[in-house]
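Here is the structure we will look at.
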Protein chains: 2
Amino acid sequence: MPAVDSPRTASSDAIASATQARTGIPVQERTADESGPSAPSPALSRATVTDVARLAGVSGKTVSRVFAGSSSVSPETRTRVLEAAQRLRFRPNSLARDLRRGGVSTTVAFVMGDLSNAFYSKVAAGIERELAEHGLTLVIAATDDEAAHEQRVVGAMLERRVRSLLLVPIAPDQGYLEGERQLGTPVICVDRPARNLVTDSVVFDNAAGAEAAVRSLVQHGHRRVAFVGSAPTLYTHEERLAGYRRALAAAGIAPRPEYERHDATDATEAERATRALLALPEPPTALLAGNNKASVGILAVRQGMLQPFAFVGFDDFDLAATLGVSVVAHDPGEMGRAAVRLALWRQDDLVSPPRQVVVPTWLVQRGSGELAP
Amino acid sequence: MPAVDSPRTASSDAIASATQARTGIPVQERTADESGPSAPSPALSRATVTDVARLAGVSGKTVSRVFAGSSSVSPETRTRVLEAAQRLRFRPNSLARDLRRGGVSTTVAFVMGDLSNAFYSKVAAGIERELAEHGLTLVIAATDDEAAHEQRVVGAMLERRVRSLLLVPIAPDQGYLEGERQLGTPVICVDRPARNLVTDSVVFDNAAGAEAAVRSLVQHGHRRVAFVGSAPTLYTHEERLAGYRRALAAAGIAPRPEYERHDATDATEAERATRALLALPEPPTALLAGNNKASVGILAVRQGMLQPFAFVGFDDFDLAATLGVSVVAHDPGEMGRAAVRLALWRQDDLVSPPRQVVVPTWLVQRGSGELAP
DNA sequence: CTGAAAGCGCTAACAT
DNA sequence: ATGTTAGCGCTTTCAG
């Protein structure tokens, strides 16, 4: 059904062609005909503290003091140094500073699956903000949610001597990080706890969210409630499933294994799982999505139905309000901020027992969410 | 309409309370009762090349060679070094390496508005992937789309001696970066060109996308087509508007200023703008969204209508296919990758004139997009 | 308040 | 194939 119409004609070049190969679409390039100052000039060299010191007629240490904001510099000297620095376009080299200061940089690493996943990028946004408030910089690396990539990617971050490591664990075992902890690099696990490693972590209250959703559905008269989730071994899935079961048990409803789907790993699979549920002899009258991808798949099915089933999503999304979909909401950005706070705290207390911060989830009820059965 | 139901009870602590203050929701914390190896032990010290060299009975330089993958090391020596390194849990310090190698790190900075914006995070995802393929690391900083923040944030990145700077410009003037270019740090502007600075850039073919969309609407019989865009001074908005006008002109349709909205800065404003358009004496029969936030606002209006208007969005979104919405699509990840390729190329050619890579946009037509008027 | 010397951890440039 | 020397740019002693 979707038709593609390419609005442009081609042109060529190594960089553009790479894009073209990837997208299958002609890429053009505009070369500046003539724009003000012409060709860039070759590289000069960067000024160092010594250069500034020489020009200002002081010692290197004094320049250092000025840029460190030390108070023990006379106002005149400070002015002179700053002028010299400006003239030379001096910019302190934080690599050198960090090295001298003991080999720990002012960066914090966040290692997660893939930034194109909205959940991870929202967590990253929270991390970035909280770090910025503390004068720290975020470095990001992706594992592509591949267990086999984790150790290498994490290793690269540790070589950068990051001040702490915020990790969404994906490998079956994080024991390889034990040494780092001992060396004083805080490791904070995000969204799910580590395995074989004693660490602090930040997780959502997944079970409570699922429980609240199911409780609400039951209160609206539903007795046949299904759960559409992803990989059964995934921590979040387990927790949400546990909450779902707990709510049913509390309502005196017997569990039905055929109502629990663990195969909705993406929207397409979720759609398939949903159709399978609806094709059961006794189909569910209400569905709980185990994650946001499942929501998309479920909605794809529900959109076309005359008599739509009740549905609660997990993880809020842009059009949920417009479509009147109830969801278990949470705040990924807050999870990121909490992770940073935990890291900063741990920095100064290497001996306290591990902590797990649980970030709340809550039910957002909307118009057509819990339709009566 | 939305009701909030907090599934959890409280507990307290500095870190958790911060979350609580922010979310207004009680946060709990689980302290590990007893989990395997108990309290973390105090920090030891990190092994250096010298330590490894001593244990392996070689010189520091040899250790360095082994870790640099140099071929001029005998297999036996290499093994001995690697064993010693493993025993000491040695991890090369890339701060020191980068410093020694000339003060340029193996990181690339991406400075954009805000990672919680899906567009930016998708660009970031593309950047991260392309960098990873070249053994480079991504450092990210946000300007919050505040012009006043740009220079400070960029400055912090430059102090890190990033190998190049990928920037979504927001300040009215990037002239302050002229010095960096001369010093050999590639500056690549992303999504919009710089002002007062000669640099390479990557942009979308915004005008062509808008033009194709309007052309399609016109072909479906629409003569009254409106444009719902955001800030009039924004480069992308200008380009898209230009394409919209061009398509109308090509069809011999006179422009109507009242059909051009420049105030849809977010979904709510877009909704308002849409309602205003529909309330005109001669309302448009088709709408083109200028960006993804506008799409959300427009859809909110259209969802409730019996006789929906035709609508083409700008920027594809998760539920577009499900909802049958036509869109001008583009690939933000590809934009990120192109930016990295441009940066790497510029690295080795500081003298070529600036280049602008134009990444394609294309029209994706879906079921209910261009309804007849 | 300021400076001289030493060195963070690593790797170019020479040796050998 | 391996070692020695020196020094990247900065900041920490420790003096003045």
Side-chain angles (χ1 to χ4, degrees), chain A residues 43-82 84-85 88-106 158-163 183-185, chain B residues 43-82 84-85 88-106 158-163 183-185:
Chain A
L44 310 173
S45 67
R46 258 171 223 285
T48 71
V49 275
T50 316
D51 300 326
V52 176
R54 192 164 25 226
L55 183 58
V58 297
S59 79
K61 177 61 207 175
T62 300
V63 175
S64 167
R65 275 193 264 255
V66 168
F67 279 87
S70 160
S71 54
S72 13
V73 178
S74 78
E76 309 88 63
T77 314
R78 160 168 279 118
T79 313
R80 216 144 28 90
V81 167
L82 288 174
L88 296 176
R89 284 215 193 85
F90 171 72
R91 229 182 251 290
N93 183 332
S94 67
L95 283 150
R97 187 187 326 116
D98 288 347
L99 178 60
R100 186 60 248 243
R101 292 231 244 245
V104 174
S105 76
T106 49
L158 293 171
E159 292 191 4
R160 296 225 129 68
R161 293 299 186 269
V162 292
R163 186 165 289 192
L183 288 169
T185 305
Chain B
L44 310 173
S45 66
R46 254 171 226 284
T48 71
V49 276
T50 317
D51 299 326
V52 176
R54 194 164 24 228
L55 182 58
V58 296
S59 80
K61 179 63 205 181
T62 299
V63 175
S64 167
R65 275 193 264 255
V66 168
F67 279 89
S70 162
S71 54
S72 18
V73 178
S74 80
E76 308 86 63
T77 314
R78 159 167 282 119
T79 312
R80 218 143 27 92
V81 167
L82 288 175
L88 296 175
R89 285 216 193 86
F90 171 73
R91 230 182 251 288
N93 182 332
S94 66
L95 258 56
R97 185 186 328 117
D98 289 346
L99 178 60
R100 184 61 248 248
R101 291 231 245 244
V104 173
S105 76
T106 49
L158 293 171
E159 291 190 4
R160 297 224 129 67
R161 293 299 187 268
V162 291
R163 185 165 290 192
L183 289 169
T185 305

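Just so it is clear, the values below take in all heavy atoms, side chains as well, and ignore hydrogens, waters and symmetry mates. In what follows, every chain begins at residue 1, and chains take the letters A, B, ... in the order their sequences are listed.
Within the 4.5 Å cutoff, no side-chain heavy atoms of B:Arg78 are placed close to those of B:Arg65.
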| Derivation of the side-chain contact (heavy atoms from CB on, under 4.5 Å) call for A:Thr48 and A:Asn93 | CA-CA 8 Å; A:Thr48 71; A:Asn93 183 332; over 6 Å; no
| said: For A:Thr185 and B:Arg46: C-alpha separation, side-chain torsions, deciding distance, then whether side-chain contact (heavy atoms from CB on, under 4.5 Å) applies. | reply: CA-CA 11 Å; A:Thr185 305; B:Arg46 254 171 226 284; 2.7 Å; yes
| task | Decide salt bridge (charged side-chain N to carboxylate O under 4.0 Å, His left out) for A:Asp51 and A:Arg54; before the verdict, give the C-alpha distance in whole Å, the side-chain angles of both, and the deciding distance to 0.1 Å. | result | CA-CA 5 Å; A:Asp51 300 326; A:Arg54 192 164 25 226; 2.9 Å; yes
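When the local axes at the two ends of the helix from C:dC1-D:dG16 to C:dT16-D:dA1 are compared, using 5 base pairs at each end, they differ in direction by 30° after rounding to 10°.
Note: CZ (B:Arg100) to C1' (C:dC8) measures 14 Å, nearest angstrom. One interatomic measurement links the two molecules: CZ of B:Arg80 to P of D:dA1, which rounds to 15 Å at whole-angstrom precision. In this structure, CG of A:Asp98 is placed 15 Å from P of D:dG9, rounded to the nearest angstrom. A:Asn93 has its CG atom 8 Å from the C1' atom of D:dC10, to the nearest Å. Note: NZ (B:Lys61) to C1' (D:dC8) measures 14 Å, nearest angstrom. Rounded to a whole Å, the CG atom of B:Leu99 is 12 Å from the C1' atom of C:dG7. For the pair A:Leu95 CG and D:dT11 P, the interatomic distance rounds to 12 Å; values are reported in whole Å. As rounded to whole Å, 14 Å separates atom P of D:dG9 from atom CG of A:Leu88.
A donor-acceptor pair under 3.5 Å is formed between the side chain of A:Ser94 and the backbone N or O of B:Glu159. Within the 3.5 Å criterion, the main-chain N or O of A:Ala56 finds a donor-acceptor partner in the side chain of A:Arg80.
Here B:Thr62 reaches the OP1 or OP2 of D:dG3: one of its side-chain N or O atoms lies under 4.0 Å away. Within the structure, a side-chain polar atom (N or O) of A:Ser74 is placed less than 4.0 Å from OP1 or OP2 of C:dT2. When the side-chain nitrogen and oxygen atoms of A:Ser59 are compared with OP1 and OP2 of C:dG3, one or more of them lie within a distance under 4.0 Å. For D:dG9, neither phosphate oxygen OP1 nor OP2 lies less than 4.0 angstrom from any side-chain nitrogen or oxygen of A:Ser64. Between B:Arg65 and D:dA1, a side-chain N or O to OP1/OP2 separation shorter than 4.0 Å is absent.
Between A:Phe67 and B:Val58, the residue whose closest nucleotide on DNA chain D is further toward the 5' end is B:Val58. With the nearest nucleotide of DNA chain D identified for both B:Arg161 and B:Gly60, B:Gly60 has the one nearer the 5' end.
Counting any heavy atom pair closer than 4.0 Å across all strands shown, A:Thr77 reaches sugar-phosphate atoms only and no base atom.
Here CZ of A:Arg97 is found 12.5 Å from CG of B:Leu99. Values are rounded to the nearest 0.5 Å.
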